[in-house]
Amino acid sequence: MNSDKNHGKENAGGIPNVVALIGPTASGKTAISIELAKLFNAEIISCDSRQIYKLMDIGTAKPSTEEMQGIRHHLIDIIYPDSSFSYADFASCAAPIIKEILGRGKVPFIVGGTGFYLDGLVNGVSAIPEVGENKLKNLREELELLETAKLVSMLNKLDPESAARIKFNDRQRLVRAISVSELTGRPFSSFKDKKIINNNYNYLIIGLTKARELLYNSINLRVEVMFKNGLLNEVESLLNSGYGELAPGMKTIGYQECVEFFYGRKTKDEAMAMVKQNTRNYAKRQETYFKRFKIDNWFNKDENKSNDKKIFERMARLIENHIK
RNA sequence: GCCGAGAUAGCUCAGUCGGUAGAGCAACGGACUGAAAAUCCGUGUGUCCACAGUUCGAUUCUGUGUCUCGGCA
């Protein structure tokens, strides 16, 4: 899967170059990204839907200040766990930051595991008009009370195309499609054209992963370390601060299971086992999503430390060719 | 040692009034237009513990053995 192929682009028309590193959780992105950032005078834009949350450090494997080694990181710690942050929010926040970084003569380096976020930035998001957050929220809450069959028949009337495409049990997508159709007066499926939010940068996307079994081992180990480092305390203090299980930020692997423990629905061991299990399942979903980027710059880490060095060097060469 | 219960998919178990079997979880694969660490979909051959008996046919009934878990000693 690894490739030495030269991806340096001619960059005609002066389109600015941006580098992105994706990979499943626990693949080792953080450490290598900081080393690469040091080498290329880059600033990192986190592409991680959980590290955006303040007060959630241990369970999101957020890099500490020491780990960052002076490399500037963006889009970490930007909201509290009671707010949500959509992929469109990510695209519209990241675009101006990329511009700023380029303005400083530095390399914008997007790093993270939220493929959907990167997708929105690179391929654009749909231009759905603002309908008012409260209206949307109220309608959504109303719809969530309805039976699935009812939702399906509603969507069939409003937008048969979406109804045909959305899987029958996928209530989240049914509710979304109905609310957009209803509030905009246009079928949801009519918004499928994507709009590029930024200035259409020239992206180099690099992937970092591990063989499945090794990845699962790393995940299991990382979860144990999180518990040792006080994940339960972190969750307890979030609960004490009023962030309950319904807060968007708390719908996070590692947090939801610990909440179950504090509510007496699970033992500590069960909670930890569930965190491991859910993280493994999540990593698999991430890998499926990454396939849509159709990149051939994938690197497989293994247990051999000397290969880490080779991977670093190959990535560095790719980046060098891309940004020159 | 005796009495009872059990042995079926990687795990927990259901089932077959005798015609070689199926759920949940795991695993694997997939989808993804503002919740994405979210949400949802698809994929089930496994000496049905072993041996013998009955039977056209046994994973199913009978016997013996082995192992596991209870209880009593």
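To find a chain, count down the sequence lines: A is the first, B the second, and so on, and within it residues start at 1.
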- Message: Apply side-chain hydrogen bond (donor to acceptor under 3.5 Å, both in side chains) to residues A:Glu287 and A:Thr209 and explain how you reach the verdict.
- Response: CA-CA 9 Å; A:Glu287 297 215 302; A:Thr209 188; 2.5 Å; yes
- Item | salt bridge (Lys or Arg N to Asp or Glu O under 4.0 Å) between A:Glu100 and A:Arg104, worked out | CA-CA 6 Å; A:Glu100 271 171 47; A:Arg104 284 179 214 123; 3.0 Å; yes
- Item | From CA spacing to verdict: side-chain hydrogen bond (donor to acceptor under 3.5 Å, both in side chains), A:Asp159, A:Ser189 | CA-CA 7 Å; A:Asp159 181 3; A:Ser189 56; 2.8 Å; yes
- Task: Test A:Asn156 against A:Ser153 for side-chain hydrogen bond (donor to acceptor under 3.5 Å, both in side chains), laying out the working first.
- Result: CA-CA 5 Å; A:Asn156 255 319; A:Ser153 74; over 6 Å; no
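Under the 4.5 Å side-chain heavy-atom criterion for Ile, Leu, Val, Met, Phe, Trp and Tyr, A:Met68 and A:Leu39 are members of distinct hydrophobic clusters. Hydrophobic clustering (side-chain heavy atoms under 4.5 Å, transitive across Ile, Leu, Val, Met, Phe, Trp, Tyr) keeps A:Met274 apart from A:Met226.
Annotation: A:Lys54, atom NZ; neighbour count of heavy atoms from other residues, nucleotides and ligands within 6.0 Å is above 12. More than 12 heavy atoms of other residues, nucleotides or ligands lie within 6.0 Å of CZ in A:Phe227, so this atom counts as buried by the packing criterion. Heavy atoms from other residues, nucleotides or ligands lying under 6.0 Å from CD of A:Glu141 number more than 12.
Using atom P as the reference point in both B:G46 and B:A14, the two lie 22 Å apart (nearest Å). Spacing of C1' atoms, B:U43 relative to B:A26, comes out at 14 Å, to the nearest Å. Using P as the reference atom, B:U20 and B:G57 are 15 Å apart when rounded to the nearest Å. Between B:A21 and B:U16, the two C1' atoms lie 7 Å apart (nearest whole Å). Taking the C1' atoms as reference points, B:G15 lies 25 Å from B:C51, given to the whole Å.
Residues of residues 73-83 of chain A having a heavy atom closer than 4.0 Å to RNA chain B: none are found. The stretch residues 163-179 of chain A touches RNA chain B through A:Arg165, A:Lys167, A:Asn169, A:Asp170, A:Gln172, A:Arg173, A:Arg176, each having a heavy atom under 4.0 angstrom from the strand. Residues from residues 219-237 of chain A that place a heavy atom under 4.0 Å from any atom of RNA chain B: there are none.
Atom P of nucleotide B:A31 and atom CZ of A:Phe293 are separated by 13 Å, given to the nearest angstrom. Atom CG in A:Leu121 sits roughly 16 Å away from atom P in B:G34 (whole-Å rounding). Between the CG atom of A:Leu143 and the P atom of B:U39 there is a distance of 18 Å, rounded to whole Å. As a whole-Å value, the separation of A:Ile52 CD1 from B:A35 C1' is 11 Å. Atom P of nucleotide B:A38 and atom CZ of A:Phe85 are separated by 18 Å, given to the nearest angstrom. If you measure from atom CG of A:Asp159 to atom P of B:U33, you get 12 Å, rounded to the nearest angstrom. Summarising the geometry, the separation between CZ on A:Arg292 and C1' on B:A36 is reported as 11 Å, rounded to the nearest angstrom. Regarding A:Phe116, its CZ atom lies at a distance of 16 Å from the P atom of B:C40, rounded to whole Å.
Comparing A:Ser189 and A:Ile253 against RNA chain B, the residue whose closest nucleotide sits nearer the 5' end is A:Ser189.
Distances shorter than 4.0 Å separate some side-chain N or O of A:Arg285 from OP1 or OP2 on B:A38.
Residue pairs meeting the side chain to side chain donor-acceptor pair (under 3.5 Å) criterion with at least one member in residues 232-242 of chain A, sequence neighbours excluded, are A:Glu234-A:Tyr255. The salt bridge (charged side-chain N to carboxylate O under 4.0 Å, His left out) pairs that include a residue from residues 179-188 of chain A number zero, where partners must be two or more places apart or lie in different chains. The list of salt bridge (charged side-chain N to carboxylate O under 4.0 Å, His left out) pairs with a residue in residues 163-175 of chain A, not counting sequence neighbours, reads A:Asp170-A:Arg173. Sorted by first and then second residue, the salt bridge (charged side-chain N to carboxylate O under 4.0 Å, His left out) pairs involving residues 70-83 of chain A (not counting sequence neighbours) are A:Lys62-A:Asp77. Counting only residues at least two apart or on different chains, the salt bridge (charged side-chain N to carboxylate O under 4.0 Å, His left out) pairs with a member in residues 114-128 of chain A are A:Asp119-A:Arg292.
Applying the salt bridge (charged side-chain N to carboxylate O under 4.0 Å, His left out) test to A:Glu260 and every residue at least two apart in sequence or in another chain returns A:Arg265, A:Lys266. Residues that satisfy the salt bridge (charged side-chain N to carboxylate O under 4.0 Å, His left out) test with A:Glu35, not counting sequence neighbours, are A:Lys38.
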Check nucleotides 24-27 of chain B against the protein and report each pair of N or O atoms closer than 3.5 Å, with its distance, or say if there are none.
unit_1 : atom_1 : unit_2   : atom_2 : d
B:A26  : OP1    : A:Asn281 : OD1    : 3.3
B:A26  : O3'    : A:Gln277 : NE2    : 3.1
B:A27  : OP1    : A:Gln277 : NE2    : 3.3
B:A27  : OP2    : A:Gln277 : NE2    : 3.3
B:A27  : OP2    : A:Asn281 : ND2    : 2.7

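Applying the side-chain contact (heavy atoms from CB on, under 4.5 Å) test between A:Leu118 and each of A:Val111, A:Asn123, A:Ile110 identifies A:Ile110 as the sole match.
Residue contacts shown for A:Thr252 include a base, since a base heavy atom lies under 4.0 Å away. Residue-level contact check: A:Glu257 touches neither bases nor backbone, having no heavy atom under 4.0 Å from any strand. Residue contacts shown for A:Gly254 are absent, as no nucleic acid heavy atom lies under 4.0 Å away. As judged by a 4.0 angstrom heavy-atom cut-off over every strand, A:Thr25 is placed among residues making no nucleic acid contact. Residue-level contact check: A:Tyr117 touches the backbone only, with heavy atoms under 4.0 Å from sugar-phosphate atoms and none from bases.
Side-chain atoms of A:Gln286 and base atoms of B:A38 include no donor and acceptor less than 3.5 Å apart.
Stacking is found between A:Phe188 and the pyrimidine-like six-membered ring of the B:U33 base under the 5.5 Å centre-distance and 30° plane-angle cut-offs.
Taking the centre of each ring, A:Phe116 and A:Tyr87 come in below the 6.0 Å mark.
Classified by its glycosidic torsion, B:G30 falls in the anti category, the angle being over 90° from 0.
The A:Thr288 side chain lies nearest to B:A31 when the options are B:G29, B:A31, B:A38.
Remark: RNA chain B forms stems of 3 or more consecutive Watson-Crick or G-U wobble pairs, all pair distances under 3.5 Å, at B:1-7 with B:66-72, B:10-13 with B:22-25, B:27-31 with B:39-43, B:49-53 with B:61-65.
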